[in-house]
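First up is the structure itself, then whatever we jot down about it.
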Amino acid sequence: MRVLVVEDEPALAEVIAEGLRRHALAVDVALSGTEALDRLAVNRYAVVVLDRDLPGVHGDEVCRRIVAGHGASRVLMLTAAAGKRDLIGGLSLGADDYLAKPFDFDELVARVRALGRRPAEVVSPVLRHGDLEVDVPRHQAVRGGRFLALSRKEFAVLEMLLGARGGVVSAESLLESVWDENADPFTNAVRITISRLRAKLGDPPLIATVPGVGYRI
């Protein structure tokens, strides 16, 4: 899942971003409304964590433009104001969820993940295929009773492949969703991660390569 964090306080923005990355999410950061709109123009994000009080282009206007032109992006609005009127105001702009500062970080992660599942068919938090079971909230993968020590990227790739339910997922889609904007589009990171994931999953093989198209379970 790729997330955009829009927060004008650099230290807080980085704390949020690093915290989300520890939960196997790909995260980009924008420090202003203008920068956020620039990133949204070229990247697809499952969720936008949006501070409401932004300099320049206000968070309310960013939210309006996301709703108007980026329907696939869900908006979690952050604000220092916690009143009922502020809540109603934020949701009336089209925000999908609302969280007041200061917030519990585990709650933020849970809300981001919940929003990220909304655009498509609702996916169970526990994904299964044969003797493989992936518990997304707990970040645990088990095959045949054996716990798998997966890196964040390996876990995120496996989650995406399982979520496709047998469908083919292209390398480009994996790169866009699992890695962030710093990833080189010509990198072989996806191929290397798939290779390591196959080794950890063991036999019989679960991940098939569809030549010229991508990968599938």
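Computed from a prediction, not measured in an experiment: that's the story for all the values here. Quick note: numbers below take in every heavy atom, side chains included, and nothing from hydrogens, waters or symmetry partners.
Between the side chain of Arg21 and the backbone N or O of Val27, at least one donor-acceptor pair lies under 3.5 Å. In this structure, the side chain of Ser173 does not engage the main chain of Val169 through any donor-acceptor pair within 3.5 Å. Side chain of Lys200 to backbone of Ala149: a donor-acceptor contact under 3.5 angstrom is found. A donor-acceptor contact shorter than 3.5 Å links the side chain of Glu35 to the backbone of Leu31. Remark: the backbone N or O of Glu107 is paired with a side-chain donor or acceptor of Asp104 at under 3.5 angstrom. No donor-acceptor pair under 3.5 Å is formed between the side chain of His23 and the backbone N or O of Leu25.
Taking 4.0 Å as the cut-off between side-chain N and carboxylate O, Arg39 and Asp28 do not count as a salt-bridged pair. Using a 4.0 Å cut-off between charged side-chain N and carboxylate O, Arg52 and Glu7 make no salt bridge.
A heavy-atom distance below 4.5 Å is found between the side chains of Leu50 and Cys63. For the pair Arg216/Ile207, no side-chain contact is recorded, criterion being any heavy-atom separation below 4.5 Å from C-beta on. Residues Ser170 and Val213 have side chains not in contact (no heavy-atom distance under 4.5 Å, counting atoms from C-beta outward). Using a 4.5 Å heavy-atom cutoff, the side chains of Arg65 and Leu37 are in contact. Inter-residue side-chain proximity for Leu99 and Thr79 is flagged as unmet; no heavy-atom pair is nearer than 4.5 Å. Val3 is not listed as a side-chain neighbour of Val48, based on a closest heavy-atom distance of 4.5 Å or more.
Checking Arg143, Arg128, Arg146 one by one against Glu133, the salt bridge (charged side-chain N to carboxylate O under 4.0 Å, His left out) holds for a single residue, Arg128. Exactly one of Leu20, Leu115, Asp97, Asp96 qualifies for a side-chain contact (heavy atoms from CB on, under 4.5 Å) with Val47. That residue is Leu115.
Of the N and O atoms on the side chains of Thr209 and Arg198, at least one donor lies less than 3.5 Å from an acceptor on the other residue.
When all heavy atoms of Leu158 and Ala141 are compared, the closest pair comes out as CD2-CB, 4.5 Å.
Counting non-hydrogen atoms of other residues, nucleotides and ligands closer than 6.0 Å to CZ of Arg196 gives a total of 12 or fewer.
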